[in-house]
Amino acid sequence: MDPRDSDELMARKTALRTDLRARRDLAAAQADKNVAAQVSDVILFEVLADLPLARKATIGGYFPIHSEMSPLPLLAQLMEMGHQTGLPWVIDVDVPLVFGEWAPGEMSAEGPFGTRVPKTGAAQFIPDVVLVPLLGVDAAGYRLGYGGGFYDRTLKKLRQAGDVVAIGLGYECQLLEEVPRGVHDQRLDWMVTEQGVTCF
């Protein structure tokens, strides 16, 4: 929970998270086994292809947990194309994430919350694109995550320093008209699901 949010706002977010976890779990269980690869192709050929990225762009991904849509097929494709890919490290509470170089198939280390992180000594980088896990996202691009505020702090810091593109991955059932949001919540630029693409 973000301590800067009001008690009422945190309660609304907590209730919605429970519902969205159940929705996502069901969608993942019913999805085609190739859904992550299909979403990855959409991001690669319909989203990233239209962005003014450097020939060797830097892409911050995540290691999927629970029923999160996996970005691993996309990270593998991007690495093969010569882009730099990686995963985030959680440095501390209330501190933005730091990204370290990693690609699917490489050694990784155990991270917090059951995820994986780059191995010790991996090169750090500042991402041009951040692939963002989520529980829900609304029509304005505001996402609901797990409550730690890590991606909000990270996107704020990256946007203060320069251009960065934030792309959410998920299922159509995670799209909402509106999610409860505080003044520190950050918007996504794009959301890609098994049914289509939304630009915010």
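Along the sequence shown, the residues carry numbers beginning at 1.
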Cluster overlap [X] with [Y], hydrophobic side-chain contacts below 4.5 Å:
X      : Y      : value
Leu188 : Tyr142 : no
Ile167 : Trp102 : yes
Val90  : Tyr151 : yes
Phe113 : Met69  : yes
Trp190 : Leu44  : yes

Among all residues two or more places apart in sequence or in another chain, which pass the side-chain hydrogen bond (donor to acceptor under 3.5 Å, both in side chains) test with [X]?
X      : value
Arg159 : Gln186, Asp189
Thr115 : none
Arg23  : Asp19

Minimum heavy-atom distance between [X] and [Y], given as atom pair plus value:
X      : Y      : result
Pro180 : Asp185 : O-OD2, 4.1 Å
Gly114 : Ile65  : O-CG2, 3.5 Å
Ala103 : Met79  : CB-CG, 3.6 Å

What do the steps show when you test His184 against Asp152 for side-chain contact (heavy atoms from CB on, under 4.5 Å), and what is the final call?
CA-CA 7 Å; His184 301 285; Asp152 292 318; 5.7 Å; no
How far apart are the C-alpha atoms of Arg17 and Thr14, what are their side-chain angles, what is the distance that settles it, and do they pass the side-chain contact (heavy atoms from CB on, under 4.5 Å) test?
CA-CA 5 Å; Arg17 285 187 182 102; Thr14 297; 4.1 Å; yes
Is the closest side-chain heavy-atom distance between [X] and [Y] below 4.5 Å?
X      : Y      : result
Pro71  : Ser40  : no
Arg21  : Leu135 : yes
Val117 : Phe63  : no

Taking only residues at least two apart or on different chains, which pairs with a member in [range] satisfy salt bridge (Lys or Arg N to Asp or Glu O under 4.0 Å)?
range            : answer
residues 129-140 : Asp138-Arg181
residues 162-174 : none
residues 64-77   : none

Could you walk me through whether Lys13 and Leu9 pass the side-chain contact (heavy atoms from CB on, under 4.5 Å) test, one step at a time?
CA-CA 6 Å; Lys13 286 184 175 183; Leu9 180 60; 4.1 Å; yes
Could you tell me the separation between the [atom1] atom of [X] and the [atom2] atom of [Y], rounded to the nearest 0.5 Å?
X      : Y     : atom1 : atom2 : answer
Ile59  : Leu87 : CD1   : CG    : 12.5 Å
Met191 : Ile43 : CE    : CD1   : 9.0 Å
Leu97  : Trp89 : CG    : CH2   : 11.5 Å
Leu75  : Ser70 : CG    : OG    : 8.0 Å

For Phe150, is the NZ or CZ atom of Arg153 found under 6.0 angstrom from the centre of its six-membered ring and inside 45 degrees of the ring axis?
yes
Over 60° means perpendicular and under 30° means parallel, so classify the ring planes of His66 and Tyr146, tilted if in between.
perpendicular
Contacts of Arg116 meeting salt bridge (Lys or Arg N to Asp or Glu O under 4.0 Å) (sequence neighbours excluded), chain-then-number -> none
In chain order, what residues pass the salt bridge (Lys or Arg N to Asp or Glu O under 4.0 Å) check against Glu80, with sequence neighbours excluded?
none
Would you give me the side-chain donor-acceptor pairs under 3.5 Å for residues 25-38, sequence neighbours excluded?
unit_1, atom_1, unit_2, atom_2, d
Asp25, OD1, Ser67, OG, 2.6
Asp32, OD1, Asn34, N, 2.6

With a 3.5 Å distance limit and no angle check, can you tell me whether Arg24 reaches the backbone of Tyr171 through a side-chain donor-acceptor pair?
no
Which residues, ordered by chain and number, are linked to Val93 in its hydrophobic cluster, where ILVMFWY side chains connect at heavy-atom gaps below 4.5 Å, directly or through other members?
none
Scan the side chains in residues 124-134 for donor-acceptor partners under 3.5 Å anywhere in the protein, sequence neighbours excluded, and list what turns up.
unit_1, atom_1, unit_2, atom_2, d
Asp128, OD2, Thr58, N, 2.8
Asp128, OD2, Thr58, OG1, 3.0

Report the C-alpha distance between Leu16 and Leu176 in whole Å, list the side-chain angles of each, state the deciding distance to 0.1 Å, and finish with yes or no for side-chain contact (heavy atoms from CB on, under 4.5 Å).
CA-CA 11 Å; Leu16 186 55; Leu176 307 172; 3.9 Å; yes
Sequence neighbours excluded and cut-off under 3.5 Å, please list the side-chain donor-acceptor pairs for residues 46-57, or say none.
none

